[in-house]
Amino acid sequence: MPGKKSRLTYLNTQRQILLAESELNRIHLLKDLELLQSEWHHVSGMAKTAVSVTSSVARAGAFVLFARRLWRGFKRGAADDAPSTSDSKNGFISKVLKGVSAGFSFLDTFRARH
C-alpha cells in the first residue's frame, strides 16, 4: 500500500501547513489588537488634553470677561461726579476680591493640569 502512505503524508503536510498559517494569523491578530489598543490610549489621551485645554480656555475667557466688566465699572465710577459712599466702595472691593479669587482659581487649575 505505497499509495495510501503517500496520501497520508500529503494530508499530514497540508495539515501542518494549515496549522502554521493559523498560528501566523493568530500572531498577526494579537499584534493588530495591541496596535489598536495603543492607538486608543493615544487618542483618549489627546481627547483628555483637549478637554483640559478647553476647560482652561473657558475659565480664562470667563476671567477676562469678568475683568472687563470690573474695569468698565471702575472707569464708570471714576467718571461719575457723585460722591462715593461706603456701599459703592464695598461693592468695588467685593468685585476686586471676587476677581482675585477667580484668578487664583484659574491659576490653580492650570498648574494642576500641567
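For clarity, every value in this text was computed on a predicted model and none was experimentally measured. Below, all heavy atoms of this structure are taken into account, side chains as well, without hydrogens, waters or symmetry copies.
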Side chains of residues 27-43: which donor-acceptor pairs under 3.5 Å do they make with residues two or more places apart or in other chains?
from  : atom 1 : to    : atom 2 : distance (Å)
Ser38 : OG     : Leu35 : O      : 2.9

>> Please list all pairs meeting side chain to side chain donor-acceptor pair (under 3.5 Å) that have one or both residues in residues 10-22, counting only residues at least two apart or in different chains.
In response: none

> Between atom CG of Leu70 and atom CG of Leu65, what is the distance when rounded to the nearest 0.5 Å?
Replying inline: 12.5 Å

>> Using a 3.5 Å distance criterion without hydrogens, assess whether the side chain of Ser56 forms a donor-acceptor pair with backbone atoms of Ser52.
In response: yes

